[in-house]
Asker: 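Below is the structure I would like to discuss, written out as structure tokens.
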Protein chains: 4
Amino acid sequence: MAEPGGVAADQLRSFVERIERLEEEKKSIADDIKDVYGEAKGTGFDTKVLRQIIRMRKQDAAERQEQEALLDLYMHALGMAPPADE
Amino acid sequence: MAEPGGVAADQLRSFVERIERLEEEKKSIADDIKDVYGEAKGTGFDTKVLRQIIRMRKQDAAERQEQEALLDLYMHALGMAPPADE
Amino acid sequence: MAEPGGVAADQLRSFVERIERLEEEKKSIADDIKDVYGEAKGTGFDTKVLRQIIRMRKQDAAERQEQEALLDLYMHALGMAPPADE
Amino acid sequence: MAEPGGVAADQLRSFVERIERLEEEKKSIADDIKDVYGEAKGTGFDTKVLRQIIRMRKQDAAERQEQEALLDLYMHALGMAPPADE
DNA sequence: TCGCCTGATAGTTGCC
DNA sequence: GGCAACTATCAGGCGA
């Protein structure tokens, strides 16, 4: 290697820092979520049920996604233009 | 309950929305992290090594935390005052 | 299926029994561990400190593991032969 | 303390060793369980369903336990002798 | 690309 | 009864 401690090391350091920064942010948001559940609990909601609702809605969304994908597929097969999206 | 579909429903909806919003953000950041790994890979770095480095640095930090926690525990067990913190 | 309630059912039963047997053993050992902590507490040791020590020792071992893993990764990345192991 | 590095240290070491030994055994059994699931999978069983069965049977057992506990309570309240057990 | 396997996350239980 | 440790489940990344 021509320059020990050179370009590659700098790049590596940069990648490491970017990743660690993003992971911090992620953790921070995860903590926020936990706080919201805590607040909901303090207001009298059952955390377990609340989590289940979130999970079900996520699943519903996933199913809707599939529906749309299927729709796209059909439309494409029929030579129809896709919707203008949003 | 005095008002069916009333206050509680509004609160619930509010909590659900806040949580879902935060989870979206979290997912977005997770995707960013994945992108950075992809970029690093494209620059010639071995993803596996990079991940291991991240992991080890995290563990080092945790280790330091634990050391301090143990010290605190010992001091507490011995009836000594904790350090003035920071 | 040629034999309803046949081979598959027997196999399933066998797997279930093996798993349940092993889980019993596991639970038994978990209880033993709890007992040891209880005994230590009765001898005057602070359980919390003891747990922390166990945790740190485990982490040290993991740390060493990780160091070696990283070394292996580097050597592999550099096309060097791995050490003759043990 | 009368004997530095004395009795207490020996006891501590002993407790640590006993706990670590037991945790190793526990881990070993956990690995065995994983192996059985793997084997079941290799035989064509759906691991997820299998896990659910195990969970349900455990729950059934717990319910039966409660039933028996209740029975014992009643019998005790009625001054009846407990069953000869097993 | 599929299956496996490790690491992240959610749920449960035991302690204070 | 709240909190923290531990366990079990799930999802994403890696190798074949």
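Just so it is clear: chains get the letters A, B, ... in the order the sequence lines come, proteins before strands, and each one is counted from 1.
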Asker: When the distance from CD of D:Gln59 to C1' of E:dT13 is rounded to whole Å, what number comes out?
Answerer: 15 Å
Asker: Starting from A:Leu70 and following side-chain heavy-atom contacts under 4.5 Å between hydrophobic residues (I, L, V, M, F, W, Y), which residues can be reached?
Answerer: A:Leu73, A:Tyr74
Asker: Partners of C:Lys34 by side chain to side chain donor-acceptor pair (under 3.5 Å), sequence neighbours excluded?
Answerer: none
Asker: Output all residues satisfying salt bridge (charged side-chain N to carboxylate O under 4.0 Å, His left out) with A:Glu24, sequence neighbours left out; order by chain, then residue number.
Answerer: none
Asker: Side chains of residues 50-63 of chain D: which donor-acceptor pairs under 3.5 Å do they make with residues two or more places apart or in other chains?
Answerer:
residue: D:Arg57; atom: NE; partner: C:Glu20; partner atom: OE2; Å: 2.6
residue: D:Arg57; atom: NH2; partner: C:Glu20; partner atom: OE1; Å: 3.1
residue: D:Lys58; atom: NZ; partner: C:Glu23; partner atom: OE1; Å: 3.4

Asker: Going by side chain to side chain contact (heavy atoms under 4.5 Å, CB included), name the residues that satisfy it together with D:Glu17, two or more places apart in sequence or in a different chain.
Answerer: D:Arg13
Asker: Got a sec? Which of residues 42-54 of chain A come in under 4.0 Å of DNA chain E, heavy atoms?
Answerer: A:Lys48, A:Arg51
Asker: For A:Lys27, enumerate each residue passing the salt bridge (charged side-chain N to carboxylate O under 4.0 Å, His left out) test, keeping only those at least two apart in sequence or located in another chain.
Answerer: A:Asp31
Asker: Rounding to a whole Å, what distance do you find between B:Lys27:NZ and F:dC10:P?
Answerer: 19 Å
Asker: Using the test salt bridge (charged side-chain N to carboxylate O under 4.0 Å, His left out), find all partners of B:Glu68 that sit at least two apart in sequence or belong to another chain.
Answerer: none
Asker: With the sugar-phosphate defined as primed atoms, P, OP1 and OP2, and the base as all remaining atoms, what B/S/- string results for nucleotides 4-9 of chain E, 5' to 3', for protein heavy atoms under 4.0 Å?
Answerer: S--SSS
Asker: Checking side-chain contact (heavy atoms from CB on, under 4.5 Å) for the pair B:Lys26/A:Glu25: CA distance, chi angles, key distance, verdict?
Answerer: CA-CA 8 Å; B:Lys26 186 152 76 84; A:Glu25 289 182 37; over 6 Å; no
Asker: Figure out the CG/P separation between C:Leu73 and F:dG15, and round it to whole Å.
Answerer: 9 Å
